[in-house]
Amino acid sequence: MKGIPLILIIGIAIGVLVGSMSAIVGVLWVMLRRRRSQVGNSSSRRAAELPISGNAVDSSTVLSDITESPRSSEENREISVMKCGGGHMKKSLSKSGLPKYSYKDLQKATFNFTAKIGQGAFGCVYKAQLLTGETVAVKVLATNSREFLSEVLLLGRLHHKNLVNLVGYCLEKDQHILVYEYMSNGSLSSHLYGDQHEPLDWDMRVCVALDVARGLEYLHDEIIPPVVHRDIKSSNILLDRSFRARVADFGMSMVALRRPLSGIQGTYGYLDPHYISTQIFTKESDVYSFGVLLFELIAARSPQQGLMELVKLGAMSTEERLGWEDIMDPRLDGKSNMQELNEMAALAHRCINESQLQRPSMREVVLSLSQILESKKHQKKNHLRQSNTKLTSFDNCASISDHYKGKSFTGIPKSPEVC
Ligand SMILES: Nc1ncnc2c1ncn2[C@@H]1O[C@H](COP(=O)(O)OP(=O)(O)OP(=O)(O)O)[C@@H](O)[C@H]1O
């Protein structure tokens, strides 16, 4: 170092120090930025994974998702599905994860829309055989697309064994089409009122009530934000191949809000008087409609056939849990358990209480109906133990399909009709 002035050495040392410090600060800054952007990505991913979240009701986002044509969306993936006979059918997955079907494929699957199985206020329903071999129900909605949006936005993200699941949709050529799981045993109303089926026995009616209650409990208490169905009635309850009941038709469903809606919508006879007077539809309004449905199961009479007048008369001569047998479906005479019938009617009566505060929640309803079924199972077991016979028919809800095996149920018309 001899010959180099001290001042130069000090200057070089300071320069090296400052340089390495700024390099360290730079590296730290880059690392911090990377970390921040990772946190941001993971939280947005988490939000998208929620079954129902705030963004589930952001119609603009989902609308752009579902209205995008398969070709224009890079994120839509066309997947090829093997057909039974070896051929292929194409369906694309939208960003929401719901398969998008082409109009042409649905046209083929429904035999050019001739296999009609039902008609609702919003359009016709057809039975369809997809090329995959899967049987589905296809609902072609009238031009108004509000119900279409509501179903795709909500039902596409709801999954429960007591709801009729949406398995796809088609939005093409001004057509709004929804594709559902096929419910081979038709609607509850067709079993209560139609003459093409044997009347449902009492055990079956209790199971249907519990299944529907569980579906509603899921909507009200198990998803965030909670959803109200807004059209609970026997024609919107469908029975699958094992006779398990599922809640259908989410065309009017929405996230529960405690503010007035514009206009009154729903079905006469099932509407909560509180909703009619305030225009605010709450979970308790669904509970009211469910109470009407319970009375329908007991009396096999619809509100249009004077059900609620009958209930009012019945209520006059009852004492809480006694005396409801006067309103019972005459076809159940001698074939139902009077204690259970009275308990179910008392529960139904609480559901239709004028005051929303006095109505039970769907969680309480599920509990009460489960207790009825539990005591039924107990009685059955005791009875079987005493009579030493083998369990052959009804044990619990799961064995319903066995119970009805061999009996004639024709859920759909045999010959296709034109809508
Ligand atoms: N997923 C399905 N599987 C089998 N049948 C179905 C299915 N969805 C609907 N149906 C049949 O189509 C009928 C009409 O259903 P839709 O939901 O369109 O109207 P609705 O509930 O009867 O009446 P509204 O539209 O006035 O509420 C049902 O009663 C049922 O028989």
Side-chain angles (χ1 to χ4, degrees), residues 98-99 101 106 109-110 113-130 134-148 150-152 154-156 158-170 175-197 200 208 211-212 215 228-254 264-271 286 289-290 292-293 296 302-304 409-414 416-419:
L98 263 183
Y101 288 93
L106 293 182
T110 55
F113 298 102
T114 53
K116 185 182 163 193
I117 51 175
Q119 166 81 62
F122 303 123
C124 286
V125 183
Y126 304 89
K127 185 177 179 181
Q129 193 83 43
L130 298 179
E134 197 184 343
T135 305
V136 291
V138 167
K139 192 191 264 192
V140 181
L141 292 169
T143 43
N144 175 4
S145 67
R146 197 206 154 277
E147 288 70 32
F148 176 82
S150 166
E151 297 233 2
V152 176
L154 287 173
L155 202 49
L158 302 177
H159 298 283
H160 189 268
K161 64 181 167 81
N162 297 118
L163 305 185
V164 175
N165 290 318
L166 188 66
V167 294
Y169 66 92
C170 164
Q175 295 284 353
H176 296 91
I177 303 177
L178 297 163
V179 183
Y180 301 96
E181 292 173 287
Y182 179 64
M183 299 290 116
S184 56
N185 281 304
S187 70
L188 174 63
S189 58
S190 70
H191 287 270
L192 289 175
Y193 311 118
D195 46 16
Q196 76 267 43
H197 303 297
L200 296 177
V208 166
D211 281 342
V212 177
V228 282
H229 182 278
R230 296 185 64 208
D231 204 13
I232 291 295
K233 57 179 177 178
S234 56
S235 65
N236 282 343
I237 306 303
L238 301 180
L239 302 175
D240 68 15
R241 54 206 276 267
S242 313
F243 282 91
R244 303 310 303 261
R246 315 253 208 125
V247 179
D249 207 342
F250 287 74
M252 295 206 317
S253 305
M254 54 181 272
I264 304 289
Q265 277 186 302
T267 306
Y268 165 79
Y270 295 86
L271 288 176
D286 268 347
S289 313
F290 178 79
V292 177
L293 182 87
E296 255 187 294
S302 72
Q304 290 75 25
F409 283 101
T410 46
I412 53 164
K414 282 187 189 108
E417 294 162 24
V418 178
C419 188

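In listed order, ligands and their atoms are each counted from 1. On a predicted model such as this, the values are computed, not experimentally measured, just so you know.
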Subject >> side chain to side chain contact (heavy atoms under 4.5 Å, CB included) evaluation trace for Y180 with E151 >> reply: CA-CA 11 Å; Y180 301 96; E151 297 233 2; 2.4 Å; yes
Original post:
Looking at residues at least two apart in the chain, or sitting in another chain, which of them share a side-chain contact (heavy atoms from CB on, under 4.5 Å) with D231?
Top reply: H229, K233, N236, M252, T267
Subject >> Any residue meeting side-chain contact (heavy atoms from CB on, under 4.5 Å) with V125, in chain and number order, not counting sequence neighbours >> reply: I117, A137, K139
Examine [X] against ligand 1 and note whether any of their N/O atoms are separated by less than 3.5 Å.
X	result
L238	no
E181	yes
K233	yes
A121	yes

Original post:
Are F148 and L178 side-chain neighbours, meaning at least one heavy-atom pair lies under 4.5 Å?
Top reply: yes
Original post:
How about F122 and H176: do any of their side-chain heavy atoms sit closer than 4.5 Å?
Top reply: no
Minimum non-hydrogen distance to [atom], winning option of [options]:
atom	options	value
atom 18 (O) of ligand 1	K139, Q119, K127	K139
atom 9 (C) of ligand 1	V167, V179, V125	V125
atom 28 (C) of ligand 1	C124, S189, S235, S190	S235

Subject >> For N236, atoms of ligand 1 separated by under 4.0 Å from a heavy atom >> reply: 20 (P), 21 (O), 27 (O)
**OP:** Quick one: sort the F243 and H191 rings into parallel, tilted or perpendicular, breaks at 30° and 60°.
**Re:** perpendicular
